[in-house]
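Report on the structure given below.
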There are 2 protein chains.
Amino acid sequence: MARKQGSHSDITGPKVLDAALRLIAQHGYAAVSMRQIAAEVGVQAGALYNYTPDKQSLLFDLMRVHMEEVLSALADADLQGPALQRLEGFTRFHIRFHLPRPDAVFVSYMELRNLSEENFHAIEGLRREYETALAEILQAGVAEGVFVVDDTRVTTRALIAMLTGLSHWYREGGLLAMDEVEAMYWDLVRKSVSAIPE
Amino acid sequence: MARKQGSHSDITGPKVLDAALRLIAQHGYAAVSMRQIAAEVGVQAGALYNYTPDKQSLLFDLMRVHMEEVLSALADADLQGPALQRLEGFTRFHIRFHLPRPDAVFVSYMELRNLSEENFHAIEGLRREYETALAEILQAGVAEGVFVVDDTRVTTRALIAMLTGLSHWYREGGLLAMDEVEAMYWDLVRKSVSAIPE
DNA sequence: GTCTATAGCGGGATAGAC
DNA sequence: GTCTATCCCGCTATAGAC
């Protein structure tokens with residue numbers, strides 16, 4: 001136990017990102033110091049700079065990896081068929097992907113202000129890609145005549161805000177199972193874009 | 001012009017809160033220094049401590065005042081009648097109140113982590129009060145048989161997340177008038193809690 | 001009520017030994 | 001690859017002059 005020096009690059013690298021994610025989610029990027037992150041990992045502050053050129057890159061990597069994983073997983077979900085089915089697929093995908101990652105969701109949502117301008121634009125582009133996937137489903141549904149949506153871009157943002165808001169209060173092990181909230185949110189989404197009598 | 005000393009307590013006080021709100025909304029509480037706030041107001045950093053005992057109190061006051069104004073304005077709206085009408089009133093009230101105050105909404109939403117434990121509980125209580133107002137409308141609608149809602153507490157949070165999300169992208173003077181988005185969001189809210197054929 | 005000056009601390013990042 | 005030590009900077013908050 002407790003050897004104080006040596007090579008650990010294969011395990012320390014991921015641990016740095018894990019620690020940074022947890023601490024930043026809890027306290028915020030600007031409030032977390034490199035010394036705190038190092039303590040969480042179990043190294044001295046200077047050692048962190050073997051894994052990141054600076055603190056800003058740490059934040060950017062957390063957000064970039066998260067967004068790339070979302071987009072990659074969404075592509076793997078390979079939503080097909082009529083728009084209603086694709087919308088259900090998107091809704092359930094969003095919840096299943098995001099609920100187990102509350103820290104990453106929180107950081108990606110709350111820390112946009114703390115990205116450098118260049119990094120902000122990169123993340124913004126990835127976010128827009130994700131939004132567009134939903135917007136296209138809504139447009140398809142309108143074209144099919146199964147959705148009644150006034151403005152697909154506005155509705156896209158409204159639905160994503162609703163779905164992402166779930167990640168801000170839901171915690172695994174609470175009163176509600178993931179299946180249950182998934183069903184409830186799908187019900188809300190489905191109805192909100194449906195034709196419905198006044 | 002440019003007198004460097006003198007008494008200005010009647011105008012400096014509000015200017016401190018205004019400057020703090022604007023800067024914190026833009027950069028985040030932890031990233032904004034008392035020196036920045038002082039510069040925005042046009043005084044030296046030390047002078048701020050005539051108006052606040054410390055930085056934490058500044059944040060707390062911003063959030064407390066915002067929440068008290070929301071609750072007071074909601075009470076003034078005096079929503080009455082059948083649940084559908086009250087829900088429409090709440091939805092339009094929420095949008096009309098929040099859209100002109102994007103900075104206050106942003107700070108009250110994003111900076112909860114930076115409140116001391118005691119201050120957090122105080123703000124949390126005010127937030128819960130606001131949530132409860134919506135939850136009671138939903139319960140009334142279910143009792144009247146006009147709303148179909150699985151879980152009123154979950155639906156409350158979902159709807160507030162959707163409505164508040166609007167404040168995070170809408171800007172006055174943009175392409176959409178407030179009346180238009182208000183109508184769109186009311187449509188989404190109304191449908192999401194309505195009876196609707198599978 | 002505001003100023004200047006500063007105490008006291010903690011921050012990000014780097015240098016060089018091991 | 002990690003350590004210790006440190007540079008240099010900016011932070012909150014306070015003290016005392018005006």
Side-chain angles (χ1 to χ4, degrees), chain A residues 1-24 26-63 107 111 113-119, chain B residues 1-21 23-24 26-62 107 111 113-119:
Chain A
M1 60 172 237
R3 69 177 160 153
K4 287 293 175 53
Q5 294 197 1
S7 295
H8 304 279
S9 74
D10 45 345
I11 59 169
T12 303
K15 279 173 74 178
V16 170
L17 287 176
D18 281 358
L21 180 61
R22 189 166 46 253
L23 286 170
I24 293 173
Q26 189 167 359
H27 305 290
Y29 171 77
V32 170
S33 70
M34 295 298 271
R35 285 173 173 83
Q36 279 178 271
I37 296 170
E40 186 89 356
V41 172
V43 297
Q44 293 301 314
L48 294 180
Y49 292 87
N50 290 313
Y51 303 97
T52 182
D54 50 37
K55 192 185 176 192
Q56 168 72 204
S57 301
L58 214 47
L59 178 63
F60 178 58
D61 282 350
L62 290 175
M63 298 179 70
V107 169
E111 302 295 353
R113 285 175 304 182
N114 289 305
L115 289 173
S116 69
E117 193 175 346
E118 184 184 355
N119 289 343
Chain B
M1 61 174 235
R3 73 179 157 150
K4 286 295 175 52
Q5 297 197 1
S7 295
H8 304 278
S9 72
D10 46 345
I11 59 169
T12 304
K15 279 174 74 177
V16 170
L17 287 176
D18 282 358
L21 179 62
L23 286 170
I24 292 174
Q26 189 166 0
H27 305 291
Y29 171 77
V32 171
S33 70
M34 295 298 270
R35 284 176 173 83
Q36 280 177 273
I37 296 171
E40 186 88 357
V41 172
V43 298
Q44 293 300 313
L48 295 181
Y49 293 86
N50 291 311
Y51 303 96
T52 182
D54 51 37
K55 193 185 175 191
Q56 168 71 205
S57 301
L58 214 47
L59 178 62
F60 178 58
D61 283 350
L62 290 176
V107 169
E111 302 294 355
R113 285 173 303 182
N114 289 305
L115 288 174
S116 68
E117 194 174 346
E118 184 185 355
N119 289 343

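Quick note on labels: first sequence line is chain A, next is B, and so on, each numbered from 1.
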Checklist entry - CG of Asn50(B) versus P of dG1(C): gap in Å, rounded? => result 6 Å
Item to check | Exam field: side chain Asp61(B) to backbone Leu58(B), donor-acceptor pair closer than 3.5 Å | outcome: no
Next on the checklist: Rounded to whole Å, how long is the line connecting atom CG of Leu48(B) with atom P of dT2(C)?
Outcome noted: 9 Å
Checklist entry - Between Tyr51(B) and dG1(C), is there a side-chain N or O to OP1/OP2 distance below 4.0 Å? => result no
Checklist entry - For the helix from dG1(C)-dC18(D) to dC18(C)-dG1(D), how many degrees between its two end axes (five pairs per end), to the nearest 10°? => result 0°
Next on the checklist: Check the phosphate of dT2(D) against Thr12(A), side-chain N and O only, distance under 4.0 Å to OP1 or OP2. Yes or no?
Outcome noted: yes
Item to check | Sequence-distant partners of Arg113(A), salt bridge (charged side-chain N to carboxylate O under 4.0 Å, His left out), two or more places apart | outcome: Glu111(B)
Tabulate atom names and distances for all N/O pairs under 3.5 angstrom spanning the protein and nucleotides 4-11 of chain D.
unit_1  : atom_1 : unit_2   : atom_2 : d
dC11(D) : OP1    : Ser33(B) : OG     : 3.3

Checklist entry - To the nearest Å, how far apart are Tyr49(A) OH and dG11(C) P? => result 11 Å
Next on the checklist: Could you tell me how far apart Leu58(B) (CG) and dA13(D) (C1') are, to the nearest whole angstrom?
Outcome noted: 14 Å
Item to check | Nearest atoms (heavy-atom pairs only) where Phe60(B) meets Leu115(B) | outcome: CA-CD2, 4.0 Å
Item to check | Qualifying residues under side-chain hydrogen bond (donor to acceptor under 3.5 Å, both in side chains), relative to Asp54(A), sequence neighbours excluded | outcome: Ser57(A)
Next on the checklist: Run the side-chain contact (heavy atoms from CB on, under 4.5 Å) test on Asp18(B) and Val41(B) for me, step by step, so that the C-alpha distance in whole Å, both residues' side-chain angles and the decisive distance to 0.1 Å come before the verdict.
Outcome noted: CA-CA 9 Å; Asp18(B) 282 358; Val41(B) 172; over 6 Å; no
Item to check | Contacts of type side-chain hydrogen bond (donor to acceptor under 3.5 Å, both in side chains), residue Gln56(A), not counting sequence neighbours | outcome: Asn119(A)
Checklist outcome for this item: Whole-Å distance, Tyr29(A) OH to dG12(C) P, equals 8 Å
Next on the checklist: When you compare the side chain of Leu17(B) with that of Leu21(B), does any pair of heavy atoms fall below 4.5 Å?
Outcome noted: no
Checklist entry - Within the distance-only criterion (no hydrogens, no angle test), does the side chain of Gln36(B) pair as donor or acceptor with the backbone N or O of Ser33(B) below 3.5 angstrom? => result yes
Next on the checklist: Please report the distance, rounded to the nearest Å, between CG in Leu59(A) and C1' in dG12(C).
Outcome noted: 15 Å
Checklist outcome for this item: salt bridge (Lys or Arg N to Asp or Glu O under 4.0 Å) pairs touching residues 34-52 of chain B, sequence neighbours excluded, are Arg22(B)-Glu40(B)
